[in-house]
Number of protein chains: 2
Amino acid sequence: MAHRVPDLAALELLLAVARLGSLGRAARELGITQPAASGRIRSMERLLGVALVDRSPRGSRLTGAGALVTDWARRIVEAAEAFDAGAQALRDRRDSRLRVVASMTIAEYLLPGWLVALRARWPDTAVSLLVGNSAVVAERLLAGEADVGFVEGIGVPAGLDGVVVAQDRLVVVVAPGHAWARRRAPIGAAELAASPLILREEGSGTRAVLDAALGGLARPLLELSSTTAVKSAAVSGAGPAVLSELAVGEELAARRLVGIPVDGVRLRRELRAVWPVGHVPAGPVRQLLSLTRGVG
Amino acid sequence: MAHRVPDLAALELLLAVARLGSLGRAARELGITQPAASGRIRSMERLLGVALVDRSPRGSRLTGAGALVTDWARRIVEAAEAFDAGAQALRDRRDSRLRVVASMTIAEYLLPGWLVALRARWPDTAVSLLVGNSAVVAERLLAGEADVGFVEGIGVPAGLDGVVVAQDRLVVVVAPGHAWARRRAPIGAAELAASPLILREEGSGTRAVLDAALGGLARPLLELSSTTAVKSAAVSGAGPAVLSELAVGEELAARRLVGIPVDGVRLRRELRAVWPVGHVPAGPVRQLLSLTRGVG
DNA sequence: ATGAGGACATAACCTGGGCTTATGAGTGCT
DNA sequence: AGCACTCATAAGCCCAGGTTATGTCCTCAT
């Protein structure tokens, strides 16, 4: 698989060429020499079997295929940037200026994007990240070992203040081929509770919200231990699944999964930024919050 | 940037270790030796500055940080698979069994996912891909140079039959900091037509749909020549933008953009699979359609 | 207890991709 | 004409990452 996809450096080079219109300028921007860039693009074209750029004595322009490939490449590079931002935070365990402690869902799906944005606007803010459930978040904040926390759930842990930064909604999804994908009427609470569903295991946050909403009645068709596994099962048509909207945003947009409207069930939960009471967010914390809520 | 992100082979190895629970088995699956896998994981941990797997004499299990990193890595690998599927199709432009011609939006956002699924289920189907507007799609199909086409828009070009495979909806989006992000009431047609918007250039499919819906009245604040540019401008807070839901699914899920409800304007458009009249879809075409509509 | 087997680590060696510098050739502006 | 810009080619160097061969540790079955 990896054999047929150019490496990240090559993809970034391609994006730079697309943006700057010249191999040489792209090379300079990436800190390599022009022949290196030339060779890299050439070997990428050989790998893909498609001409990507039109060279001319006064610059290089993408071919039609090149434009398409560049768009696919951009997806990879963006995912890599999110990875990098998250990894960077994970690496700087202590002694960094902004210490974040967050729940798994937020750390997985939201934080990388925020960190990319944070670094774009305030490149000098060093961020560290710790992952844990609500209890861990509260403990670290109150011990002064973290500057800001993110939790999902109904309330704010004792001793903390907070604001809602996002809504998470659980959604019922099925593969496009499933019978439910063609129904017009929303599903009611009773029917949902009676239907066997693909779910996270008991004890997970997602499962807890669903059980609470239904009154502890969710019937498992499959119980899987990771969000990804649930998603894969649903995509492959095993049955209806209940998942965080955050986890399936891409699948819904691409129609690999279809969302089924639900009626009479409260499947929202708030995602909150939290901090010790009295500690008014300032400095880096405020910067981060401004990105998540758009108040800055 | 690329310096701090492991290469794709390393990320795939990490996913394999997570799945199989053993360095050696993961190595075997990827066709390399155990010491190579061991070294690769080690150098990845050195690069990230975080322990990713717990080695024991009876297997390897992910650490907490490792699980998080693995999830981020999965995003990159999935993007790479889509890239590969698209590139493969582009490469086999000639002499292949399933020749697809599609519009830009579909080729960029939907086809890669379909092709990954197609290859997973029918690995021997060689796919080729050509991109063009509706006229090009019709021309190729009628000339017998393509087996199936995908178009976006209101109707089916003359001489072709088709089915709707997905709905595309134009959405109005703003950055979370924009004033509209906090309004409760939907925007009406008149207000939308009166507001300066970030738009694709005139002549693009997206712009055509918007102009038609508003009666040719859209007021540009910025006119940009690519979907990506419009998206970037909107994310950076330049103003409200109108974009295909497909293009912003990820940004909406991650709350980098906020969708504004619109009232009284028909912003849907159908995405259709098309073929020459009389040509009942069969073989590979039918396989592909079964993935897009879930009827197979 | 003791030996077999699996899993990971270490060591020594080898190969090739990708970088660099140096240079040539085509185009257009002044 | 000549400068300034583009990209291509050639020759040489370096090291990341692979391989084979071995060592250590644990567990399980005889």
Side-chain angles (χ1 to χ4, degrees), chain A residues 1-63 65-66 70 73 77 80 84, chain B residues 1-63 65-66 70 73 76-77 80:
Chain A
M1 176 64 50
H3 328 90
R4 338 198 83 172
V5 179
D7 62 37
L8 282 168
L11 298 178
E12 286 185 320
L13 176 62
L14 181 63
L15 296 186
V17 170
R19 184 158 37 82
L20 300 173
S22 149
L23 288 185
R25 235 175 309 157
R28 235 169 296 138
E29 181 174 271
L30 299 201
I32 60 177
T33 59
Q34 172 265 319
S38 184
R40 228 173 207 304
I41 295 284
R42 177 175 311 285
S43 72
M44 186 150 73
E45 289 177 318
R46 194 154 26 87
L47 181 71
L48 300 181
V50 173
L52 298 175
V53 306
D54 263 337
R55 286 93 159 155
S56 89
R58 63 185 188 291
S60 294
R61 203 70 219 130
L62 291 180
T63 64
T70 300
V77 171
D84 184 33
Chain B
M1 175 65 47
H3 329 92
R4 338 197 83 170
V5 179
D7 62 36
L8 282 167
L11 298 178
E12 286 185 320
L13 175 62
L14 180 64
L15 296 186
V17 171
R19 184 158 37 81
L20 300 173
S22 150
L23 288 184
R25 231 168 321 151
R28 235 168 295 138
E29 182 174 89
L30 299 201
I32 61 177
T33 60
Q34 172 265 318
S38 185
R40 225 171 210 304
I41 295 283
R42 175 174 312 285
S43 71
M44 184 149 74
E45 289 177 318
R46 194 155 24 89
L47 181 71
L48 300 181
V50 173
L52 298 175
V53 306
D54 262 338
R55 286 94 159 155
S56 90
R58 63 185 191 290
S60 295
R61 201 72 219 127
L62 291 181
T63 64
T70 301
I76 302 181
V77 170

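The sequence lines fix the lettering, A, B, ..., with proteins before strands; numbering per chain opens at 1.
Neither OP1 nor OP2 of C:dG26 sits under 4.0 Å from any side-chain N or O of A:S56. For A:S38, a side-chain nitrogen or oxygen approaches OP1 or OP2 of D:dA8 to under 4.0 Å. Regarding contacts with the backbone of C:dC8, every side-chain N or O of B:R58 stays at 4.0 angstrom or more from both OP1 and OP2. In terms of phosphate contacts, B:R55 brings no side-chain nitrogen or oxygen within less than 4.0 Å of OP1 or OP2 of C:dA7. Regarding contacts with the backbone of C:dC19, every side-chain N or O of A:T33 stays at 4.0 angstrom or more from both OP1 and OP2.
When all heavy atoms of B:E45 and B:V53 are compared, the pair lying nearest together is OE2-N, 3.3 Å. For A:S60 against A:L23, the heavy-atom pair with the smallest separation is OG-CG, 3.8 Å. Heavy-atom minimum distance, B:L13 versus B:A26: CD1-CB, 4.0 Å. Nearest heavy-atom pair, B:A16 versus B:E29, reported as atom, atom and distance to 0.1 Å: CB-OE1, 3.9 Å.
Judged by closest nucleotide on DNA chain C, B:S60 is the one of A:A36 and B:S60 placed further toward the 5' end.
Regarding B:R40, its CZ atom lies at a distance of 10 Å from the P atom of D:dT19, rounded to whole Å. Rounded to an integer number of Å, the gap from CG of A:L23 to P of C:dC19 is 13 Å. Straight-line distance from the CE atom of B:M44 to the P atom of D:dG18: 12 Å, rounded to whole Å. The nearest whole Å value for the distance from the CG atom in A:L13 to the P atom in C:dG18 is 12 Å. To the nearest angstrom, C1' of D:dC7 lies 14 Å from CD1 of A:I32. Taking atom CG of residue B:L30 and atom P of nucleotide D:dT19, one finds them 11 Å apart after rounding to whole Å. Between the CZ atom of B:R42 and the C1' atom of D:dG18 there is a distance of 16 Å, given to the nearest Å. Rounded to an integer number of Å, the gap from A:I41 CD1 to C:dC19 C1' is 15 Å.
Proximity note for A:R25 (side chain, C-beta onward) versus C:dC19, D:dA8, D:dT6: the nearest is D:dT6. For B:P35, the listed nucleotide lying nearest its side chain is D:dT20; candidates were D:dA10, D:dC7, D:dT20.
Exactly one of A:T70, A:L14, A:L11 qualifies for a side chain to side chain contact (heavy atoms under 4.5 Å, CB included) with A:V77. That residue is A:L11.
Under 3.5 Å, the side chain of B:Q34 and the base of C:dA7 form no donor-acceptor pair of N or O atoms.
Residue-level contact check: B:R61 touches neither bases nor backbone, having no heavy atom under 4.0 Å from any strand. Backbone-only engagement by B:G59 is indicated by non-hydrogen atom pairs under 4.0 Å involving sugar-phosphate atoms exclusively.
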